[in-house]
Enquirer: 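Questions regarding the structure given below will be posed in turn.
Computed over heavy atoms, backbone and side chain alike; hydrogens, waters and symmetry mates excluded.
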Amino acid sequence: MESIRTDLAVERAAAAPPLPGIHQKTRGEVFSITEIEIENDICGAPIGKPAGRYVTLEASALNRSHARYMEMTEELAQELEQFLPREGCVFVAGLGNRAITPDALGPRVVSKVLATRHLATALTEEEREYLPDLRPVCALAGGVLGETGMESAELLSAVCREVQPVAVVAVDALACAELSRLGTTIQMSDSGISPGSGVANHRAELSKRTLGVPVIALGVPTVVDLHTAVQSVYRRSVPQDAPNMMVTPRDVDRLIDHAGDMIACALNMALHPGMTFAQAESL
């Protein structure tokens, strides 16, 4: 498992023999959906994943021009809604560096999430009557350690202490092993996230243990490790001293735009169940 560099639980599970305590099932109407449940950390250790529920949605493309874009977004929203508490303020955190395109998914999503936490005090009672029932949501893309001098975990922990959300949704770009999954796959889980782990740039963990509230990790693979890709395509090992790099599609800017917009639209619908696709898309 150490030779496979990927953030996707579905890829790690596929590379391992059947293991006790790891349960997998498939479903989906528009997406092909794989759900993996890991009973505890000991069961997940062989595939390098902590206990939790991992849902992977796969399609031919996450593209606004897709013939079933609306249905895909609605199905994604339904899956996200199952992870979210029904009431209370939710904090959406965009991880990554907006100046580096393959790492800009989190900031892209946050820029399009409807922040509503301030409306309770910013609007008059008469103005609030014209709005649908909106739950309190706050959003932040705080940058990366090299820009701020602060770990994402430090920054988000401070925000959580002040805002006291019922959950954190952490959006980040991921790494995968299969080239076909670049920009076509969405993973969500309730186990938290270690930013940068897929590219061997481990940062402090974001989880219920570190932030004190449930952390829903949400992301799309935008890069693949070259050694891992070669192993995946040619089914042969790569010499450890061979040059290595992270590879991203040439149209990664379009990938980030389309995937980010779909996730933001689905998040808005999941956070505000009364919101329709047309309303969410118009945001």
Side-chain angles (χ1 to χ4, degrees), residues 2 5-9 12 38 41 44-45 48-52 54 83-85 88-113 115 117 136-176 186-225 244-246 248 252 256 259-260 263-264 267:
E2 292 181 359
R5 185 174 289 175
T6 176
D7 290 311
L8 301 181
R12 288 192 165 273
I38 302 176
D41 291 346
K49 288 292 182 184
Y54 299 81
F83 281 89
L84 295 168
C89 179
V90 173
F91 173 29
V92 181
L95 308 179
N97 189 339
R98 69 178 75 244
I100 299 177
T101 306
D103 198 30
L105 180 69
R108 172 75 180 188
V109 170
V110 162
S111 71
K112 294 178 177 290
V113 165
R117 179 175 173 265
V137 173
C138 56
L140 174 70
V144 294
L145 180 65
E147 296 176 302
T148 65
M150 295 180 286
E151 288 274 9
S152 294
E154 295 173 325
L155 185 59
L156 300 192
S157 179
V159 173
C160 286
R161 284 196 301 270
E162 181 66 27
V163 174
Q164 298 186 338
V166 295
V168 173
V169 178
V171 185
D172 198 10
L174 307 177
C176 63
I186 301 170
Q187 177 178 267
M188 61 187 81
S189 74
D190 58 7
S191 62
I193 188 171
S194 295
S197 59
V199 295
N201 182 27
H202 297 273
R203 304 259 60 89
E205 170 190 318
L206 303 173
S207 66
K208 185 175 182 179
R209 182 181 65 82
T210 59
L211 298 184
V213 295
V215 176
I216 297 100
L218 177 60
V220 173
T222 62
V223 296
V224 60
D225 172 78
N244 197 12
M245 64 185 71
M246 301 306 298
T248 193
V252 67
I256 292 293
I263 289 175
L267 257 178

Enquirer: For the residue pair L155 and L140, establish whether any side-chain heavy-atom pair is separated by less than 4.5 Å.
Expert: yes
Enquirer: Taking all non-hydrogen atoms of both residues, which atom of D7 and which atom of Q187 are closest, and how far apart?
Expert: O-NE2, 3.1 Å
Enquirer: CG of N244 to CZ of R5: how many Å apart, nearest 0.5 Å?
Expert: 6.0 Å
Enquirer: Could you pull out the closest heavy-atom pair between G52 and D190, with the gap in Å?
Expert: CA-OD1, 3.3 Å
Enquirer: Say you draw a straight line from OG1 of T210 to CD of E205; how long is it, rounded to the nearest 0.5 Å?
Expert: 5.5 Å
Enquirer: Under a 3.5 Å distance rule, please check whether E147 uses its side chain to pair with a backbone N or O of V144 as donor and acceptor.
Expert: yes
Enquirer: State the CG-CG distance between L218 and L105, to the nearest 0.5 angstrom.
Expert: 7.5 Å
Enquirer: Short question: side chain of S191, backbone of P50 - any donor-acceptor pair under 3.5 Å?
Expert: no
Enquirer: Rounded to the nearest 0.5 Å, what separation is found between the CD1 atom of I256 and the CZ atom of R98?
Expert: 12.5 Å
Enquirer: Which pair of non-hydrogen atoms, one from C160 and one from F91, has the smallest distance, and what is that distance?
Expert: SG-CD2, 4.1 Å
Enquirer: Would you say the side-chain atoms of T222 pair up with the backbone N or O of P102, donor to acceptor, closer than 3.5 Å?
Expert: yes
Enquirer: Please name the pair of heavy atoms, one in L95 and one in I193, separated by the smallest distance, quoted to 0.1 Å.
Expert: CD1-CG2, 4.1 Å
Enquirer: In Å and rounded to the nearest 0.5 Å, what is the CG to CD distance from L145 to E154?
Expert: 8.0 Å
Enquirer: Heavy-atom distance under 4.5 Å between the side chains of V224 and T6, does that happen here?
Expert: no
Enquirer: Does some side-chain heavy atom of C138 sit less than 4.5 Å from a side-chain heavy atom of C89?
Expert: yes
Enquirer: Measure the spacing between OG1 of T248 and CD1 of I100 and express it to the nearest 0.5 Å.
Expert: 11.5 Å
Enquirer: With heavy-atom distances below 4.5 Å as the criterion, would you say the side chains of R117 and V137 are in contact?
Expert: no
Enquirer: For A264 and V109, which heavy atoms make the closest approach, and how far apart are they?
Expert: CB-O, 3.8 Å
Enquirer: Report yes if some heavy atom in the side chain of V166 is under 4.5 Å from a heavy atom in the side chain of V90; otherwise report no.
Expert: yes
Enquirer: Could you pull out the closest heavy-atom pair between A93 and L156, with the gap in Å?
Expert: CB-CD1, 3.7 Å
